[in-house]
Amino acid sequence: MMNKLEQLLATHDYLIADGGMGTMLMAAGLEQGDPPEMWNVLHPDRIRAVHRGYIEAGSQIILTNSFGGTRFRLKLHKLQDRAYELNKAAAELARAAADAAEHPVVVGGSIGPSGEIMEPIGALCYNEAVAGFAEQAAGLAAGGVDVLWIETMSDISEVRAAVQGCREATDLPIVATMTFDTNGRTMMGI
């Protein structure tokens with residue numbers, strides 16, 4: 001049986017994804033430096049409005065408000081113990097918006113970089129990264145995402161850790177993207 005992403009890919013020449021969640025949240029009142037993931041529980045109406053706006057504009061893929069949802073990023077706000085909860089809430093909000101849409105919409109569980117530097121250059125060990133990404137993926141899966149969307153990575157080791165963490169949590173499809181500079185390299189030289 002094909003999953004929802006495969007179905008759309010098989011029946012469309014192209015798919016339209018949503019735009020920047022953070023930009024939209026800042027326009028809705030999110031203050032610089034505040035954790036957007038907290039809005040999944042504090043202001044779910046505003047998160048739903050962003051999803052709805054992108055869907056109404058024609059998006060066939062929407063990403064959850066969970067880009068900084070690993071325990072590593074959340075610890076900057078003393079929220080690391082709420083990673084599962086905040087990711088599950090993010091997925092539930094996106095799922096509800098997708099299910100209410102008049103056209104098929106895939107929900108991608110946004111998994112951004114940890115914000116840490118992996119060993120041997122930095123302090124984040126591979127197994128700790130895997131565990132953090134698994135925790136995030138488990139929350140996203142429990143909230144109903146169709147695909148896990150690892151995005152904007154610059155370190156291939158972190159991508160591998162994220163993929164392994166996702167696989168430890170669920171068998172959902174995975175999309176992984178990296179970010180490159182004008183010289184065709186990531187920040188880590190990949």
Side-chain angles (χ1 to χ4, degrees), residues 5-6 8-10 12-28 30-37 39 50-51 53-54 57-77 80 83 86-87 90 94 106-137 140 145-170 172-190:
L5 179 60
E6 288 173 324
L8 280 179
L9 288 170
H12 292 76
D13 291 334
Y14 59 88
L15 298 178
I16 299 172
D18 64 5
M21 175 63 77
T23 304
M24 298 301 288
L25 295 183
M26 291 181 93
L30 178 69
E31 295 291 328
Q32 183 75 28
D34 285 348
E37 294 76 18
W39 274 34
V50 171
H51 290 313
Y54 279 127
S59 293
Q60 297 156 294
I61 302 170
I62 59 171
L63 301 182
T64 57
N65 179 37
S66 56
F67 180 82
T70 61
R71 65 172 80 156
F72 313 109
R73 296 287 292 265
L74 292 172
K75 78 178 175 186
L76 299 172
H77 308 283
Q80 64 272 20
L86 295 174
N87 282 281
V106 169
V107 175
S110 175
I111 298 174
S114 67
E116 304 285 333
I117 304 294
M118 300 282 294
E119 289 180 338
I121 298 168
L124 182 60
C125 77
Y126 184 83
N127 290 337
E128 185 180 358
V130 169
F133 288 120
E135 177 182 38
Q136 183 178 23
L140 292 167
V145 300
D146 298 305
V147 59
L148 296 167
W149 203 277
I150 301 165
E151 58 176 323
T152 322
M153 296 285 187
S154 62
D155 183 343
I156 196 71
S157 296
E158 189 169 28
V159 173
R160 288 185 183 115
V163 168
Q164 183 176 337
C166 289
R167 277 294 152 256
E168 289 184 7
T170 181
L172 286 170
I174 297 172
V175 170
T177 69
M178 297 185 76
T179 184
F180 298 88
D181 64 23
T182 55
N183 293 317
R185 300 238 179 240
T186 71
M187 179 182 74
M188 299 304 289
I190 305 298

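Just so it is clear, the model here is predicted, and its values are computed rather than measured.
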Colleague: For the backbone of Gln80 and the side chain of Arg73, can you confirm whether one donor and one acceptor N or O come within less than 3.5 Å of each other?
Modeller: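 Such a contact is absent between Arg73 side chain and Gln80 backbone.
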
Colleague: Within the side chain of Glu151, is there an N or O that forms a donor-acceptor pair under 3.5 Å with the backbone of Gly112?
Modeller: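 No.
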
Colleague: For His51 and Leu63, which heavy atoms make the closest approach, and how far apart are they?
Modeller: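 Closest approach of His51 to Leu63, heavy atoms only: CE1-O, 3.1 Å.
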
Colleague: Rounded to the nearest 0.5 Å, how far does CG of Asp146 lie from CD1 of Ile62?
Modeller: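 Ile62 CD1 to Asp146 CG: 9.0 Å, rounded to 0.5 Å.
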
Colleague: Can any side-chain N or O of Tyr54 pair as donor or acceptor with the backbone N or O of Gly20 at less than 3.5 Å?
Modeller: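 Present.
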
Colleague: Nearest 0.5 Å, please: how far is OG1 in Thr70 from CD in Glu158?
Modeller: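 Atom-to-atom, Glu158:CD and Thr70:OG1 are 8.0 Å apart.
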
Colleague: Would Leu5 and Val175 count as a side-chain contact (heavy atoms from CB on, under 4.5 Å) if you check the C-alpha gap in whole Å, the side-chain angles of each, and the deciding distance to 0.1 Å?
Modeller: CA-CA 10 Å; Leu5 179 60; Val175 170; 4.1 Å; yes

Colleague: Out of curiosity, Met21 CE to Glu37 CD, how far, rounded to the nearest 0.5 Å?
Modeller: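 With rounding to 0.5 Å, CE (Met21) is 10.0 Å from CD (Glu37).
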
Colleague: Quick check: does any side chain N or O of Ser110 sit under 3.5 Å from a backbone N or O of Asn65, one acting as donor and the other as acceptor?
Modeller: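 No, the answer is negative, given that no donor and acceptor are paired below the 3.5 Å cut-off.
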
Colleague: When you compare the side chain of Phe72 with that of Pro113, does any pair of heavy atoms fall below 4.5 Å?
Modeller: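 Result no, sub-4.5 Å side-chain heavy-atom pair not found.
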
Colleague: Compare every heavy atom of His77 with every heavy atom of Gly33, then report the nearest pair and how far apart it is.
Modeller: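 In this case the closest contact between Gly33 and His77 is O-CE1, 2.9 Å.
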
Colleague: To the nearest 0.5 Å, what is the distance between OG on Ser157 and CD1 on Ile117?
Modeller: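 Going from OG on Ser157 over to CD1 on Ile117, the span is 11.0 Å.
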
Colleague: Nearest heavy-atom pair of Ala161 and Ala129: which atoms, and what distance?
Modeller: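 Heavy-atom minimum between the residues: CB-CB, 3.8 Å.
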
Colleague: To the nearest 0.5 angstrom, please state how far the OG1 atom of Thr177 sits from the CD1 atom of Ile111.
Modeller: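 So the gap between those two atoms works out to 11.0 Å.
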
Colleague: Between Lys75 and Glu116, is a side-chain contact (heavy atoms from CB on, under 4.5 Å) present by the stated rule, with each step listed?
Modeller: CA-CA 11 Å; Lys75 78 178 175 186; Glu116 304 285 333; 3.2 Å; yes

Colleague: Tell me, do Met118 and Tyr126 make a side-chain contact under 4.5 Å, heavy atoms counted?
Modeller: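 The answer is yes; the side chains approach within 4.5 Å.
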
Colleague: Does Leu148 form a side-chain contact (heavy atoms from CB on, under 4.5 Å) with Gln136? I'd like the steps, not just the answer.
Modeller: CA-CA 10 Å; Leu148 296 167; Gln136 183 178 23; over 6 Å; no

Colleague: May I have the step-by-step check of side-chain contact (heavy atoms from CB on, under 4.5 Å) for Phe133 and Ile150, ending in yes or no?
Modeller: CA-CA 10 Å; Phe133 288 120; Ile150 301 165; over 6 Å; no

Colleague: Nearest heavy-atom pair of Met178 and Val159: which atoms, and what distance?
Modeller: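 Nearest pair, atom of Met178 first, then Val159: CG-CG2, 4.1 Å.
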
Colleague: If every non-hydrogen atom of Ser154 is compared with every non-hydrogen atom of Thr179, which pair is closest and at what distance?
Modeller: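 Closest approach of Ser154 to Thr179: CB-CG2, 4.4 Å.
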
Colleague: How long is the gap from CZ on Arg71 to CG on Leu76, to the nearest 0.5 Å?
Modeller: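 With rounding to 0.5 Å, CZ (Arg71) is 14.0 Å from CG (Leu76).
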
Colleague: Can you give me the closest heavy-atom contact between Ser66 and Gly109, atom names plus distance?
Modeller: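 The pair with the smallest heavy-atom distance is OG-C, 4.3 Å.
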
Colleague: I need the single residue from Val147, Thr64, Val107 that forms a side-chain contact (heavy atoms from CB on, under 4.5 Å) with Leu140. Which is it?
Modeller: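 Only one option passes, and that is Thr64.
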
Colleague: Check whether Asn87 reaches the backbone of Gly69 with its side chain - one donor and one acceptor, N or O, closer than 3.5 Å.
Modeller: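 Yes, the answer is positive, given that a donor and an acceptor are paired below the 3.5 Å cut-off.
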
